[in-house]
Chemist: 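One structure follows; several queries about it will come next.
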There are 2 protein chains.
Amino acid sequence: MAADLNERGRLILEAIIEDYIDSAEPIGSRSVTRRHQMGLSPATVRNVMADLEEMGYLVSPHTSAGRIPTGKGYRFYIDSLLQIRQLTLQEKMKLEQQYRFKGLRIEELLQEAGKALSAISSYTGIVMAPRLATTVFRHIEFIRLSQGKILVVFVSQSGLVQNKIIELEEPIGQEELERITNYLNHTLTGKTIQEIKEMILDEMAQEKALYNQMLKRALMLSGEALKDELGGQVFIEGASNIMEQPEFYDLEKMKRLFRTFEQKSLLVDLLDKSQKAEGVQIFIGSATEYTEIEGCSLITSTYSNRQGTIGTLGVIGPNRMPYSMVIPIVDYTAKLVSQILAIESD
Amino acid sequence: MAADLNERGRLILEAIIEDYIDSAEPIGSRSVTRRHQMGLSPATVRNVMADLEEMGYLVSPHTSAGRIPTGKGYRFYIDSLLQIRQLTLQEKMKLEQQYRFKGLRIEELLQEAGKALSAISSYTGIVMAPRLATTVFRHIEFIRLSQGKILVVFVSQSGLVQNKIIELEEPIGQEELERITNYLNHTLTGKTIQEIKEMILDEMAQEKALYNQMLKRALMLSGEALKDELGGQVFIEGASNIMEQPEFYDLEKMKRLFRTFEQKSLLVDLLDKSQKAEGVQIFIGSATEYTEIEGCSLITSTYSNRQGTIGTLGVIGPNRMPYSMVIPIVDYTAKLVSQILAIESD
DNA sequence: CGTTAGCACTCAGCGGTTTCGAGTGCTAAC
DNA sequence: GTTAGCACTCGAAACCGCTGAGTGCTAACG
């Protein structure tokens, strides 16, 4: 793909995209030569631009306007042209300050991270909390709410608290519940949820469960408690920031975007995908791919604790984003969060 | 206030407000006579309208347009003119269906309520979760995260789970923590948080705490755990619904509103106020009062459990709302939620 | 042969003018 | 007290022509 683009073509494409990123207006051949003196006449640039359009990197909104980058254009820019800036010490400090409160719960920490992302990028911050399945067991508590209704509170090694209500067919006594609680807390500590699920299936299959009433109940309860995936909670912070962007003066686009924010399912999908890869990922919502967020890009990175990657965070904004700036912000935030999580789970 | 308004004036005011509610356009004298044949000529209506404007119930956006209601106009309409519709069986069922899932945690229940409100009113649903201080103690659990860092999980009678991290100066052993947990769970069950806070202060003042190390620690821990008010969590659902309303085609207004949604503090204030009163409350955001939500109204009602009022929920939409429709929706939703909470805390 | 100057053409956006119509207030007659 | 009539106001929409940024094409240039 890059082969059919010579040095000059790249230079001009880069110039156009960068100019467009900070003007939000279609870029014409003259303004390219004016702002970046590259010893070429507008006419020459024009020819190159026509080629770039042919190749799909640019489009013109109408005949007598300049050109703007396509999704493919941004993609190429990001993959091959972009020079990523280092954050200044000041910026780093600003990001760090956000977390200097003591005793943040993990949800609060993540929410703060979202706010920091949105405040510093001036786009929208987005953070996906760890899924239950990726966490390590620390503590479980069963609290009887009523006949046959039990509140389970589950705490992971990293301090993530999740709770859920389970319903029983046959009632269960207070003492038995306590015995089960103790049993589970002793047996399961330190195991991952994945391991525990497998263990439960194993034990269930074995004979001894048939004869040990308590064990049977314990397996049943813990199985029930861990059954439905609770995770994938998404925090979106600073959505209104995005309303400042000129591309969203179009009400229809904005409505669609906000609906997507509310629904969250598309975002969860994207964040899940990005979680599978290492490092900073960039999705570009074009008219063909991810139409719901057409015109938007999503820059994400993963954060982790001692056990490995547990979640994803990032920034969502218009395609026309200062990537060289936002990418390191996302990257650094992810690292900060990971670092804090590592310390906290001492 | 009503005294200076005769029967005819009221009739015309009502007609104008209702027409405006479903057209969103300034209402002129002719259209009043056309739609509501009341045996009056436009000229007469014009005179009355001039009077209504004088009295502050109406304004005209400019000389040659019709008139629209002011905040005062809506206020009077709601207080004196409005006929509240009964919900149809169908509507009631639709509202009820939303909660027929089993085993909802209280947060989920409230969130569902918000969604129901927004879906059925087609405005924005808003729900404030119970504050810690209004709940009744059921269970507390301390989990050591690290040296000097303890996760407290607190469960209220109604199944509300809140957790927070507290930091200790001097480390505390696992056994002592367990003893404290048992002690607190035995002593505090059934008391309101308010009572507990007072109790702690009392005991602290008394001498015996000085000599009983465990008791001292227990008081300190529980005091710390209940210290900062965690509550006032607000769920906002269907914010994007409001973008459909013609009054928010004005981008600036919309931005302001969404910022208010994000900040939440104003909403918490309003909801708190409304929680002090009984029944359905209506706030009208006019240019003078509550400027941040200028042009918006907030319809709220309170929900309760066995112990009494614990929270507030409602709908936020443009002033120009079909109140006769939305009020019973809010009312019924609040009742449904209270009912479910009463059943759940059996 | 790539580059550039020149030129005719396109078209969105802007500002000004006009027209239209809904609505008003006032006055005089019923 | 009510109504018909009338002159007036003013926003919205339609229309118009201009401007200027931008284009593609062609022919000349080094």
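Residue numbers begin at 1 in each chain, while the letters A, B, ... track the order of the sequences. Keep in mind it's a predicted model, so treat the numbers as computed, not measured. Keep in mind that the numbers below use all heavy atoms, side chains included, and drop hydrogens, waters and symmetry copies.
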Chemist: Which base, if any, makes a Watson-Crick or G-U wobble pair with D/dG30, both distances under 3.5 Å?
Modeler: C/dC1

Chemist: If you take any heavy atom closer than 4.0 Å to DNA chain D, which residues from residues 16-36 of chain B end up in contact?
Modeler: none

Chemist: Atom OG of B/S286 and atom CG of B/N319: how far apart are they, to the nearest 0.5 Å?
Modeler: 8.0 Å

Chemist: Taking atom CD of B/E244 and atom OH of B/Y249, what is their separation to the nearest 0.5 Å?
Modeler: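 That separation rounds to 7.0 Å.
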
Chemist: May I ask you to say what B/A65 touches in the nucleic acid, namely base, sugar-phosphate or nothing, with a heavy-atom cut-off under 4.0 Å?
Modeler: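 Counting heavy atoms under 4.0 Å across all strands, the contact made by B/A65 is with sugar-phosphate only.
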
Chemist: Taking ring-ring contact (aromatic ring centres under 6.0 Å, His included) as the test, write out the residues that go with A/F261, two or more places apart.
Modeler: A/F258

Chemist: B/N47 CG to C/dT24 P: how many Å, rounded?
Modeler: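 Taking atom P of C/dT24 as the reference, CG of B/N47 is at 11 Å.
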
Chemist: Write down the distance between CE (A/M49) and P (D/dG24), rounded to a whole number of angstrom.
Modeler: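 Taking atom P of D/dG24 as the reference, CE of A/M49 is at 8 Å.
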
Chemist: Base of C/dG23, side chain of B/R67 - is there a donor-acceptor contact under 3.5 Å?
Modeler: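 Flag unset: no donor-acceptor pair detected.
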
Chemist: Should B/R46 be listed as having a side-chain N or O under 4.0 Å from OP1 or OP2 of D/dT2?
Modeler: no

Chemist: Would you check, one step at a time, whether the test side chain to side chain donor-acceptor pair (under 3.5 Å) holds for A/S324 with A/R85?
Modeler: CA-CA 5 Å; A/S324 66; A/R85 252 194 56 210; 5.9 Å; no

Chemist: Are the side chain of B/K72 and the backbone of B/M55 linked by a donor-acceptor contact shorter than 3.5 Å?
Modeler: yes

Chemist: Using purine N1 to pyrimidine N3 plus N6-O4 or O6-N4 for Watson-Crick, or N1-O2 and O6-N3 for G-U wobble, each under 3.5 Å, what pairs with C/dA29?
Modeler: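 C/dA29 is paired with D/dT2.
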
Chemist: Check whether any side-chain N or O of A/S64 sits under 4.0 Å from OP1 or OP2 of C/dT10, and answer yes or no.
Modeler: no

Chemist: Within this structure, what is the CD-to-P distance between A/E7 and C/dG2, rounded to whole angstrom?
Modeler: 18 Å

Chemist: Would you mind telling me which residue lines up with the more 5' stretch of DNA chain C, B/A43 or B/G66, judged by nearest nucleotide?
Modeler: B/G66

Chemist: Any side-chain N or O of A/S41 less than 4.0 Å from the OP1 or OP2 oxygen of C/dT4?
Modeler: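 Yes, because at least one side-chain N or O of A/S41 sits under 4.0 Å from OP1 or OP2 of C/dT4.
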
Chemist: Specify the residue among B/T63 and B/V45 whose closest nucleotide of DNA chain D lies further upstream toward the 5′ end.
Modeler: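 Between the two, 5'-proximity favours B/V45.
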
Chemist: In whole Å, what is the span from the CG atom of B/D51 to the P atom of D/dT2?
Modeler: 11 Å

Chemist: Might you point out which heavy atoms bring B/I16 and B/I27 nearest each other, and give the distance in Å?
Modeler: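 Shortest heavy-atom contact: O-CG1, 3.8 Å.
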
Chemist: Would you mind reading off the distance between B/H62 atom NE2 and D/dA12 atom P, rounded to a whole angstrom?
Modeler: 6 Å

Chemist: Could you check whether A/T44 gets within reach of a base, just the sugar-phosphate, or nothing at all, counting any heavy atom under 4.0 Å?
Modeler: base

Chemist: Give me the atom names and distance for the closest heavy-atom approach of A/R75 to A/I284.
Modeler: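 In this case the closest contact between A/R75 and A/I284 is N-CD1, 3.6 Å.
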
